[in-house]
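Worksheet: the structure to be examined is printed underneath.
Nothing here was measured: the structure is a model prediction, and the numbers come from that model. Throughout, protein chains are lettered first and strands after them, A, B, ... in sequence-line order, and every chain is numbered starting at 1.
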There are 2 protein chains.
Amino acid sequence: MKDPIGGTSRVGSKGRNLEDLRRQNLSTVLSLVHANRSMTRADLTHATGLNRSTVATIVTELESLDLVTVSQPVDTKRVGRPSTVIGPSPRHIAVAVHPDKDAIAIGVVAMGGRVLREFRFDVEHAPSAVHTVNTLHALVRGLELSDGGTVLGIGIGVPGLVGARDGVVRVAPHLDWRDEPLVDMVASATGLPTWAANDATCAVVAEGQFGQGVDEENVVYLNGGAGGIGGGVIVGGQLLSGENGYSGELGHMLVNSDGGLCHCGAIGCLETEVNRDDLLGVVGLGDAEANLLEQRLRDAYGTDQDVTELVDRQLTYLGVAMRNIVNIFNPGVIVLGGFLGALRNATDARLQDDVERSALAGPASEVRIVSSTLEDNVLIGAGELVFRTILRDPTSASTGIMPGAERVAAG
Amino acid sequence: MKDPIGGTSRVGSKGRNLEDLRRQNLSTVLSLVHANRSMTRADLTHATGLNRSTVATIVTELESLDLVTVSQPVDTKRVGRPSTVIGPSPRHIAVAVHPDKDAIAIGVVAMGGRVLREFRFDVEHAPSAVHTVNTLHALVRGLELSDGGTVLGIGIGVPGLVGARDGVVRVAPHLDWRDEPLVDMVASATGLPTWAANDATCAVVAEGQFGQGVDEENVVYLNGGAGGIGGGVIVGGQLLSGENGYSGELGHMLVNSDGGLCHCGAIGCLETEVNRDDLLGVVGLGDAEANLLEQRLRDAYGTDQDVTELVDRQLTYLGVAMRNIVNIFNPGVIVLGGFLGALRNATDARLQDDVERSALAGPASEVRIVSSTLEDNVLIGAGELVFRTILRDPTSASTGIMPGAERVAAG
DNA sequence: CGATTTTGTTGTAATTCCAGTCTAAATCGC
DNA sequence: GCGATTTAGACTGGAATTACAACAAAATCG
């Protein structure tokens, strides 16, 4: 738009009308029910600050949209009339997918972050995009036959760079994917609206909503997987996605100028210096026994010299990354997943001490460093990608699903 | 709050009422006028998507709050009735302060990001907090006598870590400040509401609003100053402030494992490896001649061996930092200020090439690397800290200023 | 100089949230 | 066991905000 007076004017945020107001309140209430899994209507009144009668009409509308269930009050042993219980409806579900090096995981996720069913399809070699799509497609067809609810859409967590706007997987090194138009492929095959994002990004969304990041505004998630280290960040309660959804690649931060060559082409990246295979090797575990890593490390650390040296070296470099993260983001909590969580747990407070000593005193003083305890955080987060639309605008649920009409990607 | 059914419930975002709706629309309109410096009422109608009559009532209310001025239409040579021009009122002003190693800069800033007057008080040694407060206090008393408008408050950009909640300067190394309750000091002395933040944070706010970051959602600002390197980040259109306002300390990122010891205690920080004094020294300039640096570097780079070596080394390390930044934030633009801007300009596209080669292909492909051209970006940004309150809630202007009543800090 | 285009102004309608009143359903205290 | 107290749901009327439509005003166009 041209401004005849002051040059080019900027199109700012839009104005709001009464419809937006109602939409926002519907969204607030539904999001609360989603986040808390279950609340009484009185709780909602207090949490929102809205009038009782307003909450009543909003809940009624959400109920008529089949988004919440209203059930009888439960025995609270408190004075006064008991309040009706509002829960997320199990009718609207999302299908979450996590293709990885060794398996394709697919989950059926309901609102409230509940994984209703989970499937794991092991693969010998990293699955291709087509393989992933076919597996998913087959499962979705089966689900539709068995009924059980409305599939709102499909959310995919990919170990690689995913374009936020186009849903194209720019590169997924450990799957050997390049420029795969994943969202379009899935949407065409299944006819369902589809979203995709980096898997660690999905994980941090789940951690922020249901895991270690609950009640936190600033959360950094670092995942140590088979292939490498991924990152996801929430700042000010909002997901950090960047210009194209590529942000949060914390695994490719310099931690050692004299380090090895990373597959990304750079030297001394975090994921080159800190990796799972070396740890598994030194304690004599195979790829499939990664779940035993924490115990083995705890047993050998401090007694076995090879293990101690390796762990110390990796902790040092992990500490450098975390120092940077603390200085850059000033987060309230850093959540470690995968083998990074094992590394932390096996060495007690060492990482925390490290960071408090090396980072700037201000941001270092209040950061909590914890390990993830939320199972399936990638699947839950991928489900959140799907639910996000309906949480933002609950009235969109009424429009029904137009197969293939919507193909969206999210970072 | 306890949830009798599902454990502890979370207090989510509040519900909205009609008052909030109106507040939000007032805010939207005022923010547009502020950002564009001047718009017609018809422009506002298009930009907001609101009805003409609604915009009319909103503008009338803003005018009665003395926040905007309504003036006669100007000759646009376009068909149709010309629209009235709405501009930010010059009556509400902010006093912006930037204490630094060599001087205390103070500006009188009006809405629309206009620096009405600017003062510079040179100092021999880094000024103390008390010195800064006294200088500011004296100037504010003078301003009040000369009238000219309502001083909404005071915004301070500090080269150091500033607590977002308490307004305490945790540490400002180059000023030799530690745990100075700056906001409280200034608020008590002047009786005016006061905000403080890191100076690079102020700068990125200004760049995002009026400088190189206009129309960008993801902006990283890196400033090379006399003391060191500061950073500020905008993600998704929002200022990155972190848990306590300490975020954005990009100067303390590891760029060289074999580097020097930084005053922060760590090894090989960006601000240790890339610094102004070395550059000034190699081209034979004094501290006060920093403004000549760019030309000198351009002349000597590629011809003088010492200069070329030093510049190449600093570019390499700056490139490492920018690689990290690109991988972490996936920004649309990186703005370089101070001597970093000079370094970039003197070496043409080298930095851009460097980053495109070393960062991940996805985020690297679309980032612009530019130098700041906005004079006084710290002062303008410090002013924004003050205006932010009134931009968010224009009705708060009517309450008038209660001396000493409000003491707030912003990250 | 009238036709066209665009914008300001005004009164009405629709929608939303709130406040107050009455009713329902639990616990508390005797 | 039963009334008092407490808390929440249901309902109705009122205030505020935006949208809409019709008309007036002020420019350009032909």
Out of [options], which has the shortest distance to the side chain of [X]?
| X | options | result |
| --- | --- | --- |
| B:N25 | C:dG8, D:dA8, D:dT18 | D:dT18 |
| B:A42 | C:dT7, C:dC18, D:dT18 | C:dT7 |
| B:T84 | D:dG9, D:dT18, C:dG8 | C:dG8 |
| A:V79 | D:dT18, D:dG9, D:dT6 | D:dT6 |
| B:L18 | C:dC17, D:dT28, D:dA19 | C:dC17 |
| A:R81 | C:dG8, D:dT7, D:dT17 | D:dT7 |

Rounded to the Å, how far apart are [X] [atom1] and [N] [atom2]?
| X | N | atom1 | atom2 | value |
| --- | --- | --- | --- | --- |
| B:Q72 | D:dA27 | CD | C1' | 14 Å |
| A:R16 | D:dA19 | CZ | P | 12 Å |
| B:R23 | D:dT18 | CZ | C1' | 17 Å |
| B:L50 | C:dT7 | CG | P | 15 Å |
| B:L44 | C:dT6 | CG | C1' | 16 Å |
| A:E19 | D:dT17 | CD | P | 19 Å |
| B:H46 | C:dT5 | NE2 | P | 15 Å |
| A:K77 | D:dT7 | NZ | C1' | 17 Å |

For B:S53 and for A:T54, find the nucleotide of DNA chain C with the closest heavy atom, then tell me which residue's nucleotide is more 5'.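 Closer to the 5' end of DNA chain C: B:S53.
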Keeping B:S89 on the side-chain end and B:L67 on the backbone end, is there a donor-acceptor pair under 3.5 Å?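 Such a contact is absent between B:S89 side chain and B:L67 backbone.
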Start with the C-alpha gap between B:S71 and B:T84, add the side-chain angles, then the distance that decides, and say whether side chain to side chain contact (heavy atoms under 4.5 Å, CB included) holds. CA-CA 6 Å; B:S71 44; B:T84 51; over 6 Å; no
When all nucleic acid strands are considered with a 4.0 Å heavy-atom cut-off, which category describes A:R52: base, sugar-phosphate, or nothing?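 Since a base atom lies under 4.0 Å of A:R52, the category is base.
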Using a cut-off of 4.0 Å on non-hydrogen atoms, how would the nucleic acid contact of A:N51 be classed: base, sugar-phosphate, or nothing?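 Base: the residue A:N51, judged by heavy atoms under 4.0 Å, touches a nucleobase.
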If you draw the axis of the six-membered ring of A:F210, does the NZ or CZ of A:R37 fall within 45° of it and under 6.0 Å from the ring centre?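 Positive - A:R37 is close enough to the ring of A:F210 and near enough to its axis.
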Looking at C:dC17, I'd like to know if its phosphate oxygens (OP1 or OP2) sit under 4.0 Å from a side-chain N or O belonging to A:R22.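 Yes.
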Any B:R41 side-chain N or O less than 4.0 Å from OP1/OP2 of C:dT9: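 Looking at the OP1 and OP2 atoms of C:dT9, one of them is under 4.0 Å from a side-chain N or O of B:R41.
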Indicate whether any N or O donor in one side chain lies under 3.5 Å from an N or O acceptor in the other, for A:T40 and A:D43.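 A pair is found: one side chain offers a donor N or O, the other an acceptor, under 3.5 Å apart.
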Pick one: which of A:R23, A:R22, A:Q24 meets side-chain hydrogen bond (donor to acceptor under 3.5 Å, both in side chains) with A:D20?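 Going through the options one by one, the only one that passes is A:R23.
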Where each residue is assigned the nucleotide of DNA chain D containing its nearest heavy atom, which of B:P82 and A:T45 is assigned the position nearer the 5′ end?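 First, find each residue's nearest nucleotide; the 5'-ward one identifies A:T45.
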